[in-house]
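Sharing a structure with you now.
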Amino acid sequence: MNPLSPYLNVDPRYLVQDTDEFILPTGANKTRGRFELAFFTIGGCCMTGAAFGAMNGLRLGLKETQNMAWSKPRNVQILNMVTRQGALWANTLGSLALLYSAFGVIIEKTRGAEDDLNTVAAGTMTGMLYKCTGGLRGVARGGLAGLTLTSLYALYNNWEHMKGSLLHQSL
């Protein structure tokens with residue numbers, strides 16, 4: 001006879017979970033797809049942009065009103081700068097995240113595979129489209145920036161795998 005848990009007054013054997021926590025349809029994988037992650041990505045980028053923009057607006061507002069005494073007009077100017085910059089940054093990062101997510105989903109559905117090539121291609125196309133108003137040079141710069149950032153992200157994401165395979169090759 002097994003001893004009972006002194007805290008729960010329950011046999012501890014019943015508390016062991018050796019099965020999966022969620023029930024998934026047959027053939028479904030346990031990770032979320034790019035489409036499901038798009039909503040988190042877009043929302044997270046909007047919130048991050050709003051936070052960075054508010055900080056930048058506070059910095060700019062304090063810099064522009066440094067010669068004014070602390071009064072209501074100065075506070076209003078600072079708050080206006082905070083909200084203006086917050087909205088601008090949130091809009092910019094949210095738009096980039098929307099483009100990146102849309103390209104990622106389209107590429108994944110077209111290729112039928114989910115890998116780092118999709119990430120790099122989506123980032124490159126996002127940069128190209130975002131800077132397309134700057135002419136051919138702007139498209140090239142935007143594409144290069146997107147390619148660089150998403151390639152660094154892909155390397156960071158696979159660092160442990162690459163390190164393990166390099167270690168295995170050296171042995």
Side-chain angles (χ1 to χ4, degrees), residues 17-61 63 78-171:
Q17 288 184 347
D18 51 347
T19 60
D20 289 337
E21 191 173 339
F22 302 104
I23 299 172
L24 297 171
T26 305
N29 44 344
K30 295 180 184 179
T31 60
R32 293 182 184 207
R34 193 176 279 269
F35 184 71
E36 291 171 319
L37 292 175
F39 298 103
F40 170 75
T41 303
I42 296 166
C45 284
C46 283
M47 296 303 290
T48 302
F52 279 122
M55 298 288 264
N56 189 41
L58 180 63
R59 181 187 64 83
L60 290 174
K63 184 178 176 183
I78 291 172
L79 284 175
N80 284 343
M81 189 64 76
V82 166
T83 54
R84 189 178 304 126
Q85 288 291 312
L88 177 75
W89 281 59
N91 212 2
T92 301
L93 286 183
S95 298
L96 284 170
L98 178 67
L99 289 172
Y100 170 75
S101 297
F103 280 133
V105 168
I106 291 169
I107 293 169
E108 178 188 0
K109 298 299 180 194
T110 303
R111 288 187 62 226
E114 173 52 41
D115 54 9
D116 289 328
L117 183 61
N118 294 357
T119 301
V120 173
T124 304
M125 291 172 68
T126 298
M128 291 171 68
L129 183 62
Y130 190 74
K131 287 295 188 179
C132 70
T133 57
L136 200 54
R137 180 171 281 166
V139 169
R141 284 183 181 162
L144 185 62
L147 176 70
T148 303
L149 289 173
T150 52
S151 296
L152 289 173
Y153 172 74
L155 284 174
Y156 172 75
N157 240 10
N158 294 319
W159 186 253
E160 291 299 320
H161 177 69
M162 290 173 26
K163 192 167 71 171
S165 65
L166 288 175
L167 181 66
H168 185 68
Q169 283 179 347
S170 66
L171 295 176

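Just so it is clear, the values below take in all heavy atoms, side chains as well, and ignore hydrogens, waters and symmetry mates. Being a predicted model, the structure only gives us computed values, none of them experimental.
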**OP:** Any side-chain hydrogen bond (donor to acceptor under 3.5 Å, both in side chains) involving residues 39-59? Give me the pairs, sequence neighbours left out, ordered by first then second residue.
**Re:**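 Of all non-adjacent pairs touching residues 39-59, those that pass side-chain hydrogen bond (donor to acceptor under 3.5 Å, both in side chains) are Asn56-Arg59, Asn56-Gln85.
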Original post:
Taking only residues two or more places apart in sequence, or in another chain, which ones meet Ser95 in a side chain to side chain contact (heavy atoms under 4.5 Å, CB included)?
Top reply: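 Side chain to side chain contact (heavy atoms under 4.5 Å, CB included) list for Ser95, sorted by chain: Asn91.
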Subject >> side chain to side chain contact (heavy atoms under 4.5 Å, CB included) partners for Leu58, two or more places apart >> reply: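 Side chain to side chain contact (heavy atoms under 4.5 Å, CB included) check on Leu58 returns Leu62, Ile78, Val82.
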Original post:
If you look only at pairs with a residue in residues 104-113, which of them pass as a side-chain hydrogen bond (donor to acceptor under 3.5 Å, both in side chains), with sequence neighbours excluded?
Top reply: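 For residues 104-113, and leaving out neighbouring residues, the side-chain hydrogen bond (donor to acceptor under 3.5 Å, both in side chains) pairs sorted by first residue read Arg111-Asp115, Arg111-Asn118.
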Original post:
Excluding sequence neighbours, so at least two apart, what forms side chain to side chain contact (heavy atoms under 4.5 Å, CB included) with Thr83?
Top reply: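 Once residues adjacent in sequence are excluded, Thr83 has no partner under the side chain to side chain contact (heavy atoms under 4.5 Å, CB included) criterion.
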Original post:
Mind checking what makes side-chain hydrogen bond (donor to acceptor under 3.5 Å, both in side chains) contact with Thr119, not counting sequence neighbours?
Top reply: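 So Thr119 forms a side-chain hydrogen bond (donor to acceptor under 3.5 Å, both in side chains) with Arg34.
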Original post:
Does anything in residues 33-58 pair up under ring pair (Phe, Tyr, Trp, His ring centres under 6.0 Å), and if so which pairs, sequence neighbours excluded?
Top reply: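 Those involving residues 33-58 are Phe35-Phe39.
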Original post:
Just how far is it from atom CD1 of Ile42 to atom CG of Leu93, taken to the nearest 0.5 Å?
Top reply: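 Rounded to the nearest 0.5 Å, the CD1-CG separation comes out at 12.5 Å.
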**OP:** Could you list all the side-chain hydrogen bond (donor to acceptor under 3.5 Å, both in side chains) pairs where at least one residue sits in residues 129-143, not counting sequence neighbours?
**Re:**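 Every candidate side-chain hydrogen bond (donor to acceptor under 3.5 Å, both in side chains) pair involving residues 129-143 fails, so no pair, neighbours aside, qualifies.
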Original post:
What closest approach, in Å, do Gly49 and Trp89 show between heavy atoms, and which atom pair accounts for it?
Top reply: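 Looks like O-CB, 3.0 Å.
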**OP:** Side-chain contact test, heavy atoms from C-beta onward, threshold under 4.5 Å: evaluate it for Leu96 versus Cys45 and give yes or no.
**Re:**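 The answer is no, as the side chains (C-beta and beyond) never meet within the 4.5 Å cut-off.
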Original post:
Minimum heavy-atom separation for Gly94 to Cys46, with atom names?
Top reply: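 Heavy-atom minimum between the residues: CA-SG, 3.5 Å.
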Subject >> Side chain proximity check, Met128 to Thr124, heavy atoms < 4.5 angstrom >> reply: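 When only atoms from C-beta onward are counted, Thr124 and Met128 do touch, with a gap below 4.5 Å.
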Original post:
Rounded to the nearest 0.5 Å, how far does CG of Leu149 lie from CG of Leu144?
Top reply: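 Result: 9.5 Å between the selected atoms.
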